[in-house]
Asker: 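Encoded as structure tokens, here's the structure I'll be asking about.
Atoms considered below: every heavy atom in the structure, side chains included; atoms not considered: hydrogens, waters and symmetry mates. By convention here, the first residue in the shown sequence is residue 1. Remember, it's a predicted structure, so these values are computed and weren't measured experimentally.
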Amino acid sequence: MSSPSSDVTVPPARPVPATARALPNGLAAFLVFFSSGAVLVLETVALRLVGPYVGVTLQVTSSVIGIALAAIAYGAWSGGWLADRRDPRTLLAPALVLAGIATAVTLPVVRYAGEVLRGGAASAILLLVALAVFVPAALLAAVTPLVVKLQLADLRRTGQVVGRLSGIGTLGGITATLATGFVLVAALPSTVILLALAVALGLTGLALGVWLRRQDRAELPGPARAKAALAVLGLVGAGLTTVAPNPCDVETAYHCARVEGDAGRVSGRTLLLNSAQHSYVDLDDPTHLEYAYTKWIGAVADVIAPPGRRLDALHLGGGGFTVPRYLTATRPGTDNVVFEIDGGLVELSERSLGVRQGPDLRAVVGDARMLVAGEAADSRDLVVGDAFGHLVVPWHLSTREMAAEVRRVTRPGGVYVQNVIDYPPLRFIRSELATVAAEFRHVALIAPPAALAGEQGANFLIVASDAPLPLDAVRGRLAEVGQGVSMLAGADLTGFVGEALVLTDDFAPVDQLLATA
């Protein structure tokens, strides 16, 4: 008597088509390495593409990583599904060619859409990042499962084949990440990187298609009209790239930078980084301070020492070098050392903003947190903190440990001023005040009254010293340089700060504190 299951017929596994012969191991490894690396090039460049429109914040970086991972997951899943239903050899070349076309189209799509989606809204960030990354990354992620399917000729070696190709794909991603971050971004504009990648993907796909056709003695799938349409689409994408609006005059390693003239002041120049105004300089008059916060810094600098006396000043962040030029003009002989992480920005300032390095001004390219540690103790009369990533103070420059380093290099009686941007409900500026006050005995805050009341976002200037601050003199100078500004100190400042979090290297959620929702 047969068992109850003896009448059930188990269908045989669908065989791999006879034409689906394995690829040479070297070719298989190259395809996996190349396609995986291309995804990481896209991911790295995408941050630079969207930055001019939505900023370069933790949320934007997280969105790029998240959307890229989603594209990889969807592409791998879809590629595996197709590999079980079609001959993978007929899909590999089209996947690469389509990825090349999608990459070519990405740049004009992002630049046109970015003008519409400009801003920091979460929905705008996610949509713009998806337009930049998802389609080409998903197509490229489909390559690996197609290749794996072809190479699984012997089920006894499944683990070895999958493990080897997975490792090769990871190595491709690592190589592309390092090469893009250390070499390509520093040497080439995003437009060139993307177009070169698109061409490389397209040529690889076409070459692979020709080779497979010769091997299989069969035409690649798809009617001639479809192939012609794809070719035209690729050419259109490349053409649109050349006419798409470009928000940058120069792409540095960190910024999309542009210098604009001022219609109301012939010698005025505005420096925009990622489309946000960062500095204003008057080429003919270095004592002209356009923005309110630079007037506040100038007011503090004007009263911390007798008029005209030279200062030893350290600037954390260069931008357009507005304050160093002001100090040199108002206090001849002042030694200005500027720590600026972006060497390309220093070159742009020298070329277009009238910056001249010499005995009174020296720019040092590097991260301010690393460089300040090498400064001698008690060596500076004035330290100016004006470093930003887009509109956010980099978190590692906002912590108590950083404030301690600044205090160490500031002379007794010297002053530290820090420019901060915040928005209601003002959580970040309160935390940064608490952080600076944890290291400096005397702290004051300069800001517009409406901003202090939590009615609007604005620049805030923290003023700190180990010696009592010349508050009356600062107030008097502020009244001379501009209207509508208040200064908090003492009990008023204590009440404003409340129980705000002191930021440390271990916990400094700057982006979250800045979130307005």
Side-chain angles (χ1 to χ4, degrees), residues 252 254-255 257 259 267-273 277-305 307-369 371-372 374-376 379-388 393-394 397 406 409-411 414-420 446 459 461-463 477 481:
T252 70
Y254 292 89
H255 300 104
V259 174
S267 56
R269 298 291 185 272
T270 300
L271 172 66
L272 295 96
L273 302 180
Q277 294 184 2
H278 271 251
S279 298
Y280 184 100
V281 300
D282 187 317
L283 300 180
D284 295 337
D285 182 8
T287 65
H288 175 77
L289 300 176
E290 180 75 12
Y291 297 149
Y293 82 90
T294 58
K295 294 178 181 179
W296 305 340
I297 295 174
V300 174
D302 289 344
V303 302
I304 62 174
R309 198 189 82 182
R310 69 173 296 279
L311 298 174
D312 290 317
L314 176 64
H315 305 263
L316 312 180
F321 293 76
T322 305
V323 175
R325 294 175 76 242
Y326 175 82
L327 292 177
T328 299
T330 58
R331 296 176 177 274
T334 290
D335 176 36
N336 291 286
V337 176
V338 181
F339 293 160
E340 171 56 57
I341 196 170
D342 193 343
L345 188 56
V346 175
E347 295 175 2
L348 178 62
S349 296
E350 290 178 325
R351 187 168 60 250
S352 303
L353 298 177
V355 172
R356 299 290 182 268
Q357 295 198 51
D360 56 1
L361 173 60
R362 178 167 53 95
V364 182
V365 176
D367 189 291
R369 178 68 184 268
L371 293 173
V372 76
E375 287 291 292
S379 60
R380 296 292 164 180
D381 302 302
L382 176 66
V383 179
V384 180
D386 194 18
F388 285 84
V393 177
L397 302 184
V406 172
V409 304
T410 304
R411 288 181 177 135
V415 174
Y416 172 44
V417 293
Q418 182 186 4
N419 179 28
V420 174
I446 302 171
N459 289 84
L461 188 71
I462 299 173
V463 185
R477 185 69 181 123
V481 301

Asker: Would you mind reporting whether Leu316 and Val384 have side-chain heavy atoms less than 4.5 Å apart?
Answerer: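 Of all side-chain heavy-atom pairs linking Leu316 with Val384, none is under 4.5 Å.
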Asker: Is it true that Arg310 and Asp381 have a side-chain N and a carboxylate O under 4.0 angstrom from each other?
Answerer: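 So Arg310 does not pair with Asp381 through a salt bridge.
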Asker: Do Asp360 side-chain atoms and Thr328 backbone N/O form a donor-acceptor pair below 3.5 Å?
Answerer: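 No.
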Asker: Do the side chains of Val346 and Phe321 get nearer than 4.5 Å, heavy atoms only?
Answerer: yes
Asker: A side-chain contact here means heavy atoms from C-beta on lying under 4.5 Å apart; do Thr410 and Val415 qualify?
Answerer: no
Asker: Heavy atoms, side chains only, cut-off 4.5 Å: are Phe339 and Leu314 in contact?
Answerer: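 Phe339 reaches Leu314 side chain to side chain.
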Asker: With a 4.5 Å cut-off on side-chain heavy atoms, are Val259 and Leu353 touching?
Answerer: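 The answer is yes; the side chains approach within 4.5 Å.
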Asker: Examine the side chains of His315 and Asn336 and answer whether a donor and an acceptor come within less than 3.5 Å of each other.
Answerer: yes
Asker: Who pairs with Asp335 by salt bridge (Lys or Arg N to Asp or Glu O under 4.0 Å), at least two apart in sequence or on another chain?
Answerer: Arg380
Asker: So, using ring-ring contact (aromatic ring centres under 6.0 Å, His included) as the criterion, who are the partners of Tyr280 when residues are at least two apart?
Answerer: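 Expected list: His288.
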Asker: Compare all side-chain heavy atoms of Leu289 with those of Ile297 and state whether any distance is below 4.5 angstrom.
Answerer: no
Asker: More than 12 heavy atoms of other residues, nucleotides or ligands under 6.0 Å from OH of Tyr254: yes or no?
Answerer: no
Asker: Taking salt bridge (Lys or Arg N to Asp or Glu O under 4.0 Å) as the definition, give me every residue that meets it alongside Arg477, ordered by chain and number, with sequence neighbours left out.
Answerer: Asp302, Glu480
Asker: Whether the side chain of Thr287 engages the backbone of Tyr326 through a donor-acceptor N/O pair (distance < 3.5 Å, no angle test) should be reported.
Answerer: no
Asker: Can you name the closest pair of heavy atoms from Ser379 and Asp312 and give their distance?
Answerer: O-CB, 3.6 Å
Asker: Answer yes or no: is there a side-chain heavy-atom contact under 4.5 Å between His278 and Leu272?
Answerer: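 Heavy-atom side-chain distance check fails, nothing below 4.5 Å.
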Asker: With a 4.5 Å heavy-atom cut-off, do Val420 and Gln418 have their side chains touching?
Answerer: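 Touching, per the 4.5 Å side-chain cut-off.
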